[in-house]
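All remarks here apply to the structure that follows.
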Amino acid sequence: MTLEAKQKLPALKNKYSKAHEKRRSKFGSSAKERISSAALIETVRYCEKHQDNPLAALALGTLLSGRTSTQLLSADQKIELTGTGVAKLHGTWNIARTPILTNPKMSVIPVEKPGYVLIPEDIAARILELKNQGVNSDDCKNDLKSFLLAIRPSTLERVTPDTLSRILNFQKHLFKLSNFDVSFIADEEKHVFSQNSYACFGAIKLFNKHADYMAQFVDMSPVRKFIETNVPADLRFGSPRVLTRDSVATFFNRIKEELKGATLNRYDYENIHHWYSVYVINILQLATLHRPYNNIFRTLSEFDFVSKTAEILDKHEVHTRILPLGERALSEIHEYVNYLEALQEQVRFDSPHVAAELKKSLDGKANLFREWNKEGLLEGFSSLPEVFQGDTNNGSNWCRHFMISKLIDRGVSREAVNMFSGHRMLSEHSHEPTKSATFDDLRFVAAELDAIIADCVPMSVKGMANYMRGVPL
């Protein structure tokens, strides 16, 4: 039988076929919202042929930016023409204000708020014309639908405003754009991928990947030249609450100085305990991306020294996660436990009630980190030093902002960072290559966190247990 004469076999039918078909239709990979490359090329050519029509520019703007026509025409959308053949399409996020630091010797990495992406200026100018005419966005979307209906691709696919806005998301992996990159370019709501508001990230790398995507449709020469000549090498977007590396070093140096001063009086147990606990807690927050939380790290039972993991609860009861611990974190915990054992020995006669409470902590029946005041050991530890003015007693998220930014700079998978930090993925689709990360990926994140800590805080505090037993530091 020749190929031409071969008849297509009918699909197998059973009583579940309709249910399966309905379920499959919900999957992003099989939905009819994706259009082929051939249909896209014909769409772009049609828009170029009708370039005098502002609706053609709106269709191209939607395709290039991943933003819907409603977004592009909204009053919140700022479009800045630069006169260089390139326009800035600004974001609409309400980025947190730049904080005031408690230590004037510390500083944050400057970011441009709320950030922007680059598109060809001729397309942006025509969209701006529509905006300035005060058109109704719903009416304009209907007009755009009618404009696109006139396109008759040879593939017989239907091109709509919504399908054009989704192309960026479907093709992101071809251009090494992450979910987080696409979310920023398309100006999705901040909570969809909240990691973008936790980290500050370089603009040039994002611009270049976005330009690679747009180049399949329009000429990118002006955009590439603009990136090369007009974009500062240190331009960053995202969180304004990310400390510089030197500021983190300054913060820990101050803690070490306070601890050194406290150890001048061997029997000032309360002050020694406070500053050593502050040091260990902050190191562990860097190593685990633990949020500020009451009863931080909870009990010693949450640490598994065989599997080298810890259970983290830093939001609410259903928001726990198991994380691998790097070697630095494990070393600091062992040192701290040894210190508590030595402290228990020293105070068992003068403060038997404190010794009893320390035993509970060492047995995993009470929190590991506990404040000590004139009344004895409290239930938890909340008096961490402020980094930003107005921090709560539980501290701030500065550790997370700093470490997530550093991980991104080091090229660590942002999906793995997202899982490690306990952020939920709200817009996963079945066409994603992966919906999560393996535990080996998380171990790699832990090792990278170790390396970052080693750079900022190279010297650990050692020998506190021996010091409590009378050995000089």
Could I get the full list of salt bridge (Lys or Arg N to Asp or Glu O under 4.0 Å) partners for [X], not counting sequence neighbours?
X: Glu112; result: none
X: Glu80; result: none
X: Arg443; result: none
X: Asp363; result: Lys359

*Are Arg236 and Phe201 in a cation-pi setup, meaning NZ or CZ lies under 6.0 angstrom from the ring centre and within 45 degrees of the ring axis?*
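No cation-pi geometry.
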_Does the structure place the NZ or CZ of Lys88 under 6.0 Å from the centre of the six-membered ring of Tyr116, at an angle of no more than 45° from the ring's axis?_
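Yes; both conditions hold, so Lys88 lies above the ring face of Tyr116.
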Can you list the residues that meet the ring pair (Phe, Tyr, Trp, His ring centres under 6.0 Å) rule with [X], with sequence neighbours excluded?
X: Tyr198; answer: His401, His423
X: His210; answer: none
X: Phe251; answer: Trp398
X: Phe369; answer: Tyr336

_Ring centroid separation Phe217 to Tyr213 under 6.0 Å_ = yes
*Of all the heavy-atom pairs spanning Ile404 and Ser421, show the shortest one and how long it is.*
CD1-CB, 4.1 Å
*What's the shortest heavy-atom distance between Phe420 and Leu442, and which atoms?*
CE1-O, 3.5 Å
With sequence neighbours left out, which residue pairs that include part of [range] fulfil the salt bridge (charged side-chain N to carboxylate O under 4.0 Å, His left out) condition?
range: residues 237-261; value: Arg245-Asp455, Arg254-Glu258
range: residues 369-378; value: Glu357-Arg370
range: residues 321-338; value: Lys308-Glu327, Asp314-Arg321, Arg328-Glu332

*In terms of ring plane angle, is the pair Phe184 and Trp93 parallel, tilted or perpendicular, where the classes change at 30° and 60°?*
perpendicular
_Parallel, tilted or perpendicular, as decided by the 30° and 60° cut-offs, for the rings of Tyr339 and His273_ = parallel
_Determine whether a donor-acceptor pair (N or O, by modelled atom type, separation under 3.5 Å) exists between the side chain of Ser405 and the backbone of Cys200._
yes
*asked:* So for atom CD, which belongs to Glu345, do other residues, nucleotides or ligands contribute more than 12 heavy atoms lying within a distance under 6.0 Å?
replied: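 More than 12 within 6.0 Å, yes.
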*asked:* Does either side chain, that of Asn179 or that of Glu415, offer a donor lying less than 3.5 Å from an acceptor on the other one?
replied: yes
_Any side-chain donor near an acceptor of the partner, Asp441 and Thr438, under 3.5 Å_ = yes
*Quick one: list whatever passes side-chain contact (heavy atoms from CB on, under 4.5 Å) with Thr98, sequence neighbours left out.*
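side-chain contact (heavy atoms from CB on, under 4.5 Å) check on Thr98 returns Val108, Lys113, Pro240.
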*So, Lys209 and Asp181, do they make that salt bridge, N to O below 4.0 Å?*
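A salt bridge links Lys209 with Asp181.
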